[in-house]
S.K.: 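Here you go, one structure.
Labels below follow one simple rule: chain letters A, B, ... track the order of the sequence lines, proteins then strands, and each chain is numbered from 1. These numbers were taken from a predicted model, which means no experiment stands behind them.
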2 protein chains.
Amino acid sequence: MTKLRGRRPTIDDVAREAGVSRGTVSRVLNGGHWVSDGARVQVEKAIKSTGYRINPHARSLATSRTGSVGFLLTESYERFFSDPNFLQILRSSADALAGHGMTLVLIMADTLDERHRATEYLTGGHVDGALVVSSHRDSQEFLAELLAARLPVISAGIPLGFEEQVGYVTADDEGGARAIVEHLGAHGRTRIVHLAGPQDTSGGTGRLQAFRTVIGDAYSDERVAYGDYSRESGASAMREILAREVPFDAVFAANDLMAAGAMDVLAQAGLAVPEDVAVVGFDDSPVAQQTTPQLTTMRQPFDRVSEEMVRLLVDEINGRPAGRMVIPTELVERGTV
Amino acid sequence: MTKLRGRRPTIDDVAREAGVSRGTVSRVLNGGHWVSDGARVQVEKAIKSTGYRINPHARSLATSRTGSVGFLLTESYERFFSDPNFLQILRSSADALAGHGMTLVLIMADTLDERHRATEYLTGGHVDGALVVSSHRDSQEFLAELLAARLPVISAGIPLGFEEQVGYVTADDEGGARAIVEHLGAHGRTRIVHLAGPQDTSGGTGRLQAFRTVIGDAYSDERVAYGDYSRESGASAMREILAREVPFDAVFAANDLMAAGAMDVLAQAGLAVPEDVAVVGFDDSPVAQQTTPQLTTMRQPFDRVSEEMVRLLVDEINGRPAGRMVIPTELVERGTV
DNA sequence: CGCGCGGCTGAGAGCGCTCCTAGTCCATAC
DNA sequence: GTATGGACTAGGAGCGCTCTCAGCCGCGCG
């Protein structure tokens, strides 16, 4: 064993130790094809004995790959981290990436300053691509900069304003909304109101559009009130509807949190769920099981979404054109009809 | 202007364009010392015209510096992100690092799998050092691994079990606790109970120890109940104390959230704050201003803490020995005495 | 016996920077 | 005139990898 004088062992040290060439060690390191069993064993032994760790920067320089992708957060931290859906997408994206041997690095870009730094970082060659979530319309120029730098990007949800230019994975908002209205209809509920989500996100608009289309002539603007996906906004949207005195026997909320807020208000107003009014949410987030009765909702398969986002991103990094993907949702029937 | 065939411009392209050597461009890039004004101007012009961006991996390879540090999270996401203190440390650390030209990369290490990946990442040469927060005792082996890899590490709070081996920055828990007891005494409150924080963190133990020492003979175990810094735990600790029927005229809670929980319980029990019982918290987090009356508390200067952590870390990265630092706290008098 | 071929290996040439050293140039000092 | 030194510059060496390609070896086949 040759001396290192305290420096980190390099691939050459391993090669020397194993009695093979640098090239052979490199081949072992990268899948081990075209390496004889004997050589592989020697190399593995040498790696262990020297305590060799690959130098990621040298590798990146040679391959012009970094092995990491940015997970871009343009939402305020508080908002993001209090939404269990986001957290789940984050987690399962990290897992999916690990499956491809890549690491996720979380990039927060809430304040202007942070956005500037984030752009620098992302376009500066630190990552191979980026996953963006919660792209409100106000993050458009941000996206544009990433695109201009030719950074592979995949969005969770349809990136409004960039539908043609960036790949995305989204749950089937329209299909889900349609199924909800039909489900309600099957239970004899046809006077439906909709608590819509933010209209600068594809989920918000998609669900509203579908609701509108499906109920057709029964539609009128007073059957819709808007919120921002928070529980509180669901409550106030519900109050708004009640104040309008439109007759209704069912509420379709744009997400579970808003549905929960609506149920709070309904209870206060002395309306029984589901007897007097049925309530259906969207997401199947943890809160759906915490309401009484438990909430019937349209499940968004976030695991699938993350998985597919990663797949598409990896594809795009490898030069295959950006894909688009719509993932079906699934009705979870619980106690609110 | 020479052609690039779609590849990213390199330092050589800039040099050629500016009519100087690679070395000169590099000098401009790194502070611009020993460069004539003329040359600098030409180089800057060339950088702009070519759209040159430094290649971080090439630079890292040459300097064996990455320019980024890990912000290590061993807490559960939910817990971490719902604690405004953490969020503030995160933010101001990122700012402070930016001031040194470095970037923060957030590393989540909650599950076992994630911890494994995190260790790989941190010790694999991706970062120059790490900031660790909320190091409960159960993250000891984790810390040990980082240390074994000779990674510079600075801890927020005293890293129990590693006091001698890793640098840290902590608020003055003992001094703060002492000042609280004295403040209470000055208001005639001497029958104090303490709602202690988790005893596997230095904040939790430090405040309890100081409380115990300062009240001296007045101390007895029944004057202490334990919690985990959450509001709910503060409430149940308070209930525990009430059930014990020890006489008390003041509550010293280990943090503001627990104090708020205690105040909820006190109100239910029909005890007036501060008339019947005084309450003092610790942290001066946002919740201290949301209670009625607003909470008197000991402010922890998280901005200072982050700043100093970054300073110490940078020092250590530059080969100066790890420092330790205790930052004074400051009493914020509001309505609970 | 010569040839081709598959399996495997070694070595050179980069990747794009920074660092170091030798050197140039010019102004001032002797 | 030459020597001295400060300001600046060029370019080679090297950071630790991967990639490519030529070459080796042994085997089966004509």
Side-chain angles (χ1 to χ4, degrees), chain A residues 2 4-44 46-47 50-68 101 123-126 128 318, chain B residues 2 4-44 46-47 50-68 101 123-126 128 318:
Chain A
T2 32
L4 300 170
R5 306 159 177 257
R7 67 176 171 74
R8 243 175 100 143
T10 71
I11 199 172
D12 285 297
D13 297 319
V14 175
R16 202 174 313 119
E17 182 79 8
V20 300
S21 78
R22 214 174 49 240
T24 301
V25 177
S26 177
R27 255 170 268 128
V28 171
L29 255 21
N30 294 283
H33 298 302
W34 302 103
V35 176
S36 66
D37 287 349
R40 185 193 354 272
V41 169
Q42 286 308 313
V43 169
E44 279 161 358
I47 288 178
T50 53
Y52 170 75
R53 306 284 307 270
I54 219 164
N55 178 321
H57 300 106
R59 172 180 267 186
S60 291
L61 182 57
T63 58
S64 51
R65 282 295 181 77
T66 71
S68 54
T123 62
H126 287 273
D128 294 333
N318 290 331
Chain B
T2 32
L4 299 171
R5 308 159 177 252
R7 68 176 169 75
R8 245 176 100 144
T10 72
I11 200 172
D12 286 295
D13 298 318
V14 175
R16 202 175 311 120
E17 181 80 7
V20 300
S21 79
R22 210 175 52 241
T24 301
V25 177
S26 177
R27 256 170 272 125
V28 171
L29 255 22
N30 294 284
H33 299 302
W34 303 103
V35 176
S36 66
D37 286 350
R40 188 196 346 276
V41 170
Q42 286 308 312
V43 169
E44 279 162 359
I47 287 176
T50 53
Y52 172 74
R53 305 284 308 272
I54 220 165
N55 178 321
H57 299 107
R59 172 179 266 186
S60 292
L61 182 56
T63 58
S64 50
R65 282 296 181 78
T66 71
S68 53
T123 62
H126 287 273
D128 294 333
N318 291 330

S.K.: Could you state the atom-to-atom distance from CG of Asp13(A) to P of dC15(D) in whole Å?
M.R.: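 Rounded to whole Å, this separation is 11 Å.
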
S.K.: Considering all heavy atoms of both residues, which atom of Ala15(A) and which atom of Ser21(A) are nearest to each other, and what is their separation?
M.R.: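 Smallest interatomic distance, heavy atoms only, reads CB-C, 3.7 Å.
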
S.K.: Quick one: label Arg65(B) by what it contacts on the DNA or RNA (base, sugar-phosphate, nothing), any heavy atom closer than 4.0 Å.
M.R.: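 Result for Arg65(B) = nothing.
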
S.K.: Considering only heavy atoms from C-beta outward, does the side chain of Asn30(A) approach that of Arg59(A) to under 4.5 Å?
M.R.: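 Yes, side chains in contact.
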
S.K.: Grab the CD1-P distance between Ile11(B) and dC19(C) for me, whole Å please.
M.R.: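 Result: 11 Å.
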
S.K.: Could you tell me the separation between the CZ atom of Arg59(B) and the C1' atom of dC15(C), rounded to a whole number of Å?
M.R.: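 It is 16 Å, rounded to the nearest whole Å.
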
S.K.: Arg8(A) has an atom CZ; how far is it from atom P of dG14(D), in whole Å?
M.R.: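 These atoms are roughly 21 Å apart.
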
S.K.: Between Asn30(A) and dT18(D), is there a contact of a side-chain N or O with OP1 or OP2 at under 4.0 Å?
M.R.: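 Indeed, a polar side-chain atom of Asn30(A) lies that close.
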
S.K.: Can you measure Ile54(B) atom CD1 to dC15(C) atom P for me and round it to whole angstrom units?
M.R.: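 To the nearest whole Å, that distance equals 17 Å.
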
S.K.: Between dC17(C), dT9(C), dC17(D), which nucleotide gets closest to the side-chain atoms of Ala39(A)?
M.R.: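 The answer is dT9(C), which lies nearest to the side chain.
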
S.K.: Could you check if a side-chain atom of Asn318(B) sits within less than 4.5 angstrom of a side-chain atom of Arg65(B), using non-hydrogen atoms only?
M.R.: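 Heavy-atom side-chain distance check passes, below 4.5 Å.
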
S.K.: Tell me whether the OP1 or OP2 atom of dC17(C) has a side-chain N or O from Ser60(B) closer than 4.0 Å.
M.R.: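 No.
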
S.K.: If we fit an axis to the first five pairs and another to the last five of the helix from dC1(C)-dG30(D) to dC30(C)-dG1(D), what angle do they make, to the nearest 10°?
M.R.: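 Angle reported: 60°, given to the nearest ten degrees.
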
S.K.: Quick check: on DNA chain D, is the nucleotide nearest Trp34(B) upstream (toward 5') of the one nearest Leu61(B), or the reverse? Name the residue that is more 5'.
M.R.: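 On the 5' side of the pair lies Trp34(B).
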
S.K.: Starting at CG of Asn55(A) and ending at P of dC15(C), how long is that distance when rounded to a whole Å?
M.R.: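 Spelled out: CG on Asn55(A) to P on dC15(C) is 18 Å.
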
S.K.: Output one line per pair: protein atom, nucleotide atom from nucleotides 10-13 of chain C, and distance, for all N/O pairs under 3.5 Å.
M.R.:
| residue | atom | partner | partner atom | Å |
| --- | --- | --- | --- | --- |
| dG10(C) | OP2 | Ser21(A) | N | 2.8 |
| dG10(C) | OP2 | Ser21(A) | OG | 3.2 |
| dG10(C) | OP2 | Thr24(A) | OG1 | 3.0 |
| dG10(C) | N7 | Arg27(A) | NH2 | 3.1 |
| dG10(C) | O6 | Arg27(A) | NH2 | 3.3 |
| dG12(C) | N7 | Arg22(A) | NH2 | 3.3 |
| dG12(C) | O6 | Arg22(A) | NH2 | 2.9 |
| dA13(C) | N6 | Arg22(A) | NH2 | 3.2 |

S.K.: If you take all heavy atoms of Asp13(A) and Arg7(A), which pair is closest and at what distance?
M.R.: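 Nearest heavy atoms, Asp13(A) then Arg7(A): OD2-NH1, 2.9 Å.
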
S.K.: Work out which heavy atom in Val35(A) is nearest to a heavy atom in Ala39(A); give both atom names and the distance.
M.R.: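 Taking every non-hydrogen atom into account, CG1-CB, 3.9 Å.
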
S.K.: Show the nearest heavy-atom pair for residues His57(B) and Leu61(A), with the distance to one decimal.
M.R.: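 Between these two residues, the closest heavy atoms are CB-N, 4.3 Å.
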
S.K.: Measuring to OP1 and OP2 of dC8(C), would you say a side-chain N or O of Ser36(A) lies under 4.0 angstrom away?
M.R.: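 For Ser36(A), the contact criterion (side-chain N or O under 4.0 Å from OP1 or OP2 of dC8(C)) is not met.
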
S.K.: In whole angstroms, how far is the C1' atom of dG14(D) from the NE2 atom of His57(B)?
M.R.: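 It is 19 Å, rounded to the nearest whole Å.
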
S.K.: Whole angstroms only, please: what is the CG-P distance between Leu29(B) and dT18(C)?
M.R.: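 These atoms are roughly 6 Å apart.
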
